[in-house]
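Letters go in sequence order (proteins before strands), and every chain restarts at 1.
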Amino acid sequence: MNRLPRSFFDRPTLQVAQELLGKILVIGKTSGRINEVEAYIGEGDPACHAARGQTERNRVMYGKPGRLYVYFTYGMYHCANIVTEREGFPAAVLIRSIEPLTGIEIMEKRRGKNDHLADGPGKLCIALGMDKKGHNGVDLCESGENTVVDDGFRPSIIKKSRRIGISAGKNKWWRFYY
DNA sequence: GTCCCGATTCTA
DNA sequence: AGAATCGGGACT
């Protein structure tokens, strides 16, 4: 059960995204295995929030790798990313789905008893209790409370596709899942 | 200040 | 297919 070091995230985003599959995201007393992610890479990626430069919202994407970038969308949901690559270069991996592992009763309390507790970017934020106010900018490489853990699990096959829900940048196959 | 729309989810 | 719901960013 090793906690991922900052050096894990300080690498090319496509590599980090694929290697994040199977790892365990721990947020407080809840955790789940990451099984779907998407990469958003730099100001040259039209689907990336940094496509038009730095703003207040996307500020943490420009910061240290290994921190959470959580933003509010559609007036009612949050999405959570983990920042990648060197400080100053805006990139991150969107966590799109997890398989609940611990704290399932807590998740059920937040989401309602349900077979789809955390299989979506908005749903997993609710299940794990993440929001912009409490988690945007939180460092996953410093404490054990919020972190990413490798328990040795490796997906047997990694599939890829175009990213979901975007209007620009549809040509890039930067969604990974297993 | 105003306007448009979104890295979604749930219901029908 | 359509609604819910509101903050951010572009633009007047």
When you check the gap from the basic side-chain N to the acidic O, do A:R154 and A:D150 get nearer than 4.0 Å?
yes
Determine: side-chain N/O of [X] to OP1/OP2 of [N], distance under 4.0 Å, yes or no.
X      : N      : result
A:R96  : B:dT8  : yes
A:R52  : C:dC11 : no
A:T73  : B:dT8  : no
A:K132 : C:dG7  : no

Kindly point out which of [options] is positioned nearest to the side chain of [X]?
X      : options              : answer
A:Y71  : C:dG9, B:dA7, C:dT5  : B:dA7
A:R57  : C:dC6, B:dA7, C:dG9  : C:dG9
A:K123 : B:dA7, B:dC10, C:dC6 : B:dC10

Atom pair distance, as rounded to whole Å: [atom1] in [X] and [atom2] in [N]:
X      : N     : atom1 : atom2 : answer
A:H78  : C:dT5 : NE2   : C1'   : 12 Å
A:F72  : B:dG6 : CZ    : C1'   : 11 Å
A:E36  : B:dA7 : CD    : C1'   : 11 Å
A:H49  : C:dG7 : NE2   : P     : 16 Å
A:Q54  : C:dG8 : CD    : C1'   : 15 Å
A:E56  : C:dG9 : CD    : P     : 8 Å
A:I126 : B:dT8 : CD1   : P     : 13 Å
A:D131 : C:dG7 : CG    : C1'   : 14 Å

By the 4.0 Å heavy-atom rule, please label [X] as base, sugar-phosphate, or nothing.
X      : answer
A:G75  : base
A:R111 : sugar-phosphate
A:I166 : sugar-phosphate

Using modelled atom types only, decide if a donor and an acceptor are shared between the side chain of A:R6 and the backbone of A:P65 within a distance under 3.5 Å.
yes
Option from A:V93, A:N58, A:I166 for which side chain to side chain contact (heavy atoms under 4.5 Å, CB included) with A:Y40 holds:
A:I166
CZ (A:R52) with more than 12 external heavy atoms under 6.0 Å:
no
Base paired to C:dT5 (Watson-Crick or G-U; both N/O distances under 3.5 angstrom)
none
Has A:Y74 got its ring stacked on the base of B:dT8, with centres under 5.5 Å and planes less than 30° apart?
yes
Kindly state whether the pair A:Y40 / B:dA7 counts as stacked, where counting means centroids closer than 5.5 Å and planes tilted less than 30° apart.
yes
Evaluate the ring planes of A:H49 and A:Y69, with Trp represented by its six-membered ring, and classify them as parallel (under 30°), tilted (30 to 60°) or perpendicular (over 60°).
perpendicular
Under the side chain to side chain contact (heavy atoms under 4.5 Å, CB included) test, residues paired with A:R59 that sit two or more places apart
A:Q54, A:E56
